[in-house]
Enquirer: 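Quick one: structure below, then a few questions.
So that the names make sense, note that chain A is the first sequence line, chain B the second, and so on, each numbered from 1.
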Amino acid sequence: MSGSSIENNQEIPESSAPPNFIRHFIEEDIQTGKYDGRVVTRFPPEPNGYLHIGHAKSICLNFGLSIDYHGACHLRFDDTNPEKEEVEYVESIEADVRWLGFDWKDHLYFTSDYFDKLYDYAVSLIQMGKAYVDSLSAEEIRRYRGTLTEPGKDSPYRNRSVDENLALFEKMKEGHFDEGACVLRAKINMAAPNMVMRDPALYRIRKASHHRTKDKWCIYPMYDFAHCLSDSIERITHSICTLEFENNRELYDWILDALNVYHPRQIEFARLNLSYTVLSKRKLIELVTNGHVTGWDDPRMPTISGLRRRGYTPESIRKFCERIGVAKRDSMVDLGLLEYMIREDLNKKAHRVMAVLNPLRVVIENYPEEQTEMLTAVNNPGEPDMGTRQLPFSKVLFIEQDDFMEEPPKKFFRLSPGREVRLRYAYFLTCTGVVKDDNGLVVELRCTYDPATRGGDAPDGRKVKSTIHWVSADHAIDAQVRLYENLFSSENPATEEDFKLCINENSVQALSGCKVEPSLATAMPGFQCQFERLGYFCVDTRDSTPGNPVFNRTVTLKDMWAKIKDR
RNA sequence: UGAGGGUUGGUGCAGCGGCAGCACGACGGGUUCUGACCCCGUUAACCAAGGUUCGAAUCCUUGACCCUCAGCCA
């Protein structure tokens with residue numbers, strides 16, 4: 001907890017993060033000494049699913065604020081609905097937050113740990129005449145609530161005496177009633193213009209076993225009741241949530257005021273929307289349970305675990321969350337920005353290697369039959385400290401099918417009959433002939449090399465228009481490579497009639513028989529590299545085995561040729 | 001048509017009474033042993049109309065459009 005703070009002129013730490021309205025509020029509160037200069041935030045996930053990139057925005061915001069203002073950020077599981085929540089989810093959430101690089105120290109909490117206190121608060125409310133047990137059915141309550149334009153009307157049970165309410169609530173807790181028989185409601189105003197304030201339910205009966213409290217309780221607090229009080233109990237200063245809770249703020253404030261307890265400030269911001277993806281838990285669960293993807297960590301999923309398996313780094317995700325900013329307006333962030341961030345990060349971190357995805361055999365006719373020589377390649381041209389490695393070169397190579405065209409269009413700079421290109425880190429190579437199969441498909445190239453260009457430069461100073469990657473046929477390792485694209489073909493799947501109808505059928509393309517350079521033989525699961533000229537890839541953490549490496553494409557390189565090609 | 005929010009280049013975010021800026025994208029050029037990275041340049045915005053002011057994206061008024069709320073989900 002930061003300083004004792006008597007004076008109002010607290011130092012506001014500088015930060016790399018761009019300004020936003022939440023920071024303005026916090027700085028204002030520090031300035032006025034509203035919370036004695038303290039800044040305590042919280043990330044309050046419900047453990048009913050895996051975390052996704054949208055949660056990352058909230059995590060980076062809340063933990064980032066606590067770091068920049070020298071405060072704390074609590075990780076609190078909002079586990080008030082036993083029917084949907086599981087320990088598997090709490091474990092994955094903890095792992096994902098940690099992986100993202102954040103530390104909640106010893107501030108790990110569960111709303112379920114507060115059930116006793118919450119119950120007492122409910123009793124207090126009843127005693128003050130501000131809550132009552134309603135015996136209307138769920139259906140009746142709905143009808144009594146009124147509509148957006150018409151006021152609701154009071155429940156016939158609204159004026160039960162305090163003693164009767166106390167007794168009834170006690171019986172609810174003791175399990176005397178069936179689910180749905182009654183509910184504890186705040187006594188506010190059935191004619192309130194804000195629907196949230198029309199006597200909201202505070203407690204409901206659920207005869208389900210809770211993942212932590214087991215069968216101790218059969219009544220569970222609703223979000224509106226539990227959340228504000230949990231914030232209060234933990235002495236949170238700024239309770240940051242998404243826009244859809246804006247209407248609930250009035251209730252948040254009402255409950256804390258009614259109970260006259262410590263009162264955090266709720267601030268709402270717009271949740272993340274990402275083009276070509278869905279970020280609603282319901283839809284994500286549907287993708288998993290209906291088998292549209294292989295699991296929560298399918299590399300096409302926008303979940304933290306999916307992005308991790310895809311090859312995204314915590315740094316790139318944090319950077320992304322910083323770049324998109326925080327505001328109140330609904331917006332749609334371009335998926336391209338996320339891709340830019342991972343390229344930027346991996347550009348300086350990833351080893352360059354050569355891999356041929358769609359091999360085309362090349363025979364160098366003037367290269368000695370049994371010869372193999374080792375050539376030096378740099379691991380990262382931008383980072384000399386990352387060193388060099390040796391690449392075997394021999395008479396028969398594989399190059400990328402896309403790097404050869406028998407009849408090249410004007411802007412095609414790569415290999416074609418009679419043309420000379422450079423083999424990266426090796427020699428100049430000239431195509432002298434093609435070998436075709438019975439269908440007329442090119443199956444092999446006959447080429448010559450220039451021994452004087454060893455290492456990649458011509459002594460006579462002549463230039464080539466392009467450099468292509470290659471592997472030595474005898475030395476290359478076979479690999480499987482998975483190329484991923486957007487999971488959805490619609491920019492905003494959520495607005496489609498059925499989001500499942502716009503699932504991209506080509507979202508994954510599994511290639512086998514790919515040829516990668518031998519240095520990759522020892523690559524461990526999770527290893528990230530750039531396949532030169534193709535993109536960033538990582539060794540899959542689930543399906544890769546020592547003898548049969550499997551690579552996932554994290555993201556392509558920017559591809560100017562692809563653009564030129566289709567115009 | 002109740003209540004609560006929102007509206008700045010193609011996208012996202014700043015600017016909070018004093019020259020509208022940053023990032024991504026797009027486009028053009030330079031560089032290059034990755035058609036990558038990098039570098040340079042161009043493009044392009046204050047929802048509308050009134051008002052206050054020497055001066056308005058910013059303050060006021062009116063309007064338009066968009067989002068959220070009628071769970072015993074969160």
Enquirer: Quick check on rG9(B): syn or anti? Syn means the glycosidic torsion is within 90 degrees of zero.
Expert: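 Nucleotide rG9(B) adopts anti.
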Enquirer: On the six-membered ring of F110(A), is R212(A) placed so that its NZ or CZ lies under 6.0 angstrom from the centre and within 45° of the ring axis?
Expert: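 That pair qualifies as a cation-pi contact.
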Enquirer: From rC72(B), rG71(B), rU34(B), pick the nucleotide closest to the side chain of R142(A)?
Expert: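 Among the listed nucleotides, the one closest to the side chain of R142(A) is rG71(B).
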Enquirer: So, OP1 or OP2 of rU68(B): does either fall under 4.0 Å of a side-chain N or O from R271(A)?
Expert: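 No.
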Enquirer: If you measure from the ring centre of Y223(A) to the centre of the six-membered ring in the base of rA74(B), is it under 5.5 Å, with the planes under 30° apart?
Expert: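 Per 5.5 Å and 30° rule: no stacking.
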Enquirer: I'd like to know if R329(A) reaches the base of rU8(B) with its side chain such that a donor and an acceptor end up less than 3.5 angstrom apart.
Expert: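 Side chain to base: pair present.
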Enquirer: Is R414(A) side chain donor-acceptor paired with the rG35(B) base, going by distance under 3.5 Å alone?
Expert: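 For R414(A), whose side chain was compared with the base of rG35(B), there is a donor-acceptor pair (under 3.5 Å).
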Enquirer: Counting only Watson-Crick or G-U wobble pairs whose two distances fall under 3.5 Å, which nucleotide matches rU11(B)?
Expert: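 Per the H-bond distance test, rA23(B).
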Enquirer: Cation-pi between K173(A) and Y119(A): NZ/CZ under 6.0 Å from ring centre and within 45° of the ring axis?
Expert: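 Yes.
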Enquirer: Looking only at atom C1', what distance separates rG10(B) and rA26(B), rounded to whole Å?
Expert: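 Those two atoms are separated by 8 Å.
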Enquirer: Could you tell me which nucleotide pairs with rG35(B) by Watson-Crick or G-U wobble geometry, both distances under 3.5 Å, or answer none if nothing does?
Expert: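 Partner of rG35(B): none found under 3.5 Å.
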Enquirer: rG35(B), OP1 or OP2 - any side-chain N/O from T467(A) closer than 4.0 Å?
Expert: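 So the side chain of T467(A) is outside the cut-off, no N or O lying under 4.0 Å from OP1 or OP2 of rG35(B).
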Enquirer: With a non-hydrogen cut-off below 4.0 angstrom, is A201(A) in contact with a base, only sugar-phosphate, or nothing?
Expert: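 It contacts sugar-phosphate atoms only.
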Enquirer: Assess whether atom CZ of R271(A) is packed by more than 12 heavy atoms of other residues, nucleotides or ligands within 6.0 Å.
Expert: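 Count not over threshold, so no.
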Enquirer: What's the gap between rC24(B) and rG63(B) when it is taken at their C1' atoms, as a whole Å value?
Expert: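 34 Å, rounded to whole Å.
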Enquirer: Name the residue from N247(A), N248(A), N189(A), L251(A) that meets the side-chain contact (heavy atoms from CB on, under 4.5 Å) definition with N194(A).
Expert: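 Looking at N247(A), N248(A), N189(A), L251(A), the match for N194(A) under the side-chain contact (heavy atoms from CB on, under 4.5 Å) is N247(A).
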Enquirer: Can you tell me, in whole Å, how much space there is between the P of rC47(B) and that of rU58(B)?
Expert: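 Taking atom P in both rC47(B) and rU58(B), they lie 8 Å apart.
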Enquirer: Mind checking the P distance from rU8(B) to rC66(B)? Whole angstroms is fine.
Expert: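 Roughly 15 Å separates the two P atoms.
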Enquirer: Distance between the C1' atoms of rC46(B) and rG17(B), in whole angstroms?
Expert: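 One C1' to the other, the span is 15 Å.
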Enquirer: Can you tell me the Watson-Crick or wobble partner of rU68(B), both distances under 3.5 angstrom?
Expert: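 Result: rA3(B).
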Enquirer: Less than 6.0 angstrom from the centroid, inside 45 degrees of the normal: does R76(A) satisfy that with respect to the ring of F43(A)?
Expert: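 Pair R76(A)/F43(A) does not count as cation-pi.
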Enquirer: What distance, rounded to whole Å, do you find between the two P atoms, one in rU61(B) and one in rG28(B)?
Expert: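 Here rU61(B) and rG28(B) have their P atoms 48 Å from each other.
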Enquirer: With both distances under 3.5 angstrom, what nucleotide forms a Watson-Crick or G-U wobble pair with rA44(B)?
Expert: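 Pairing partner, where one exists within any strand: none, as none qualifies.
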Enquirer: Determine the interatomic distance between C1' on rG5(B) and the same-named atom on rG9(B); round to the nearest Å.
Expert: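 After rounding to an integer number of Å, I get 24 Å for this pair.
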Enquirer: State the pairing partner of rU58(B); accept Watson-Crick or G-U wobble contacts with both distances under 3.5 Å, and report none otherwise.
Expert: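 Result: none.
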Enquirer: In whole angstrom, give me the gap between the P atoms of rC65(B) and rC60(B).
Expert: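 Nearest-Å result for rC65(B) against rC60(B) at atom P: 22 Å.
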Enquirer: Using the closest heavy atom to pick a nucleotide of RNA chain B for each, name whichever of R424(A) or N248(A) lands nearer the 5' end.
Expert: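 With R424(A) and N248(A) compared, the 5'-side residue is R424(A).
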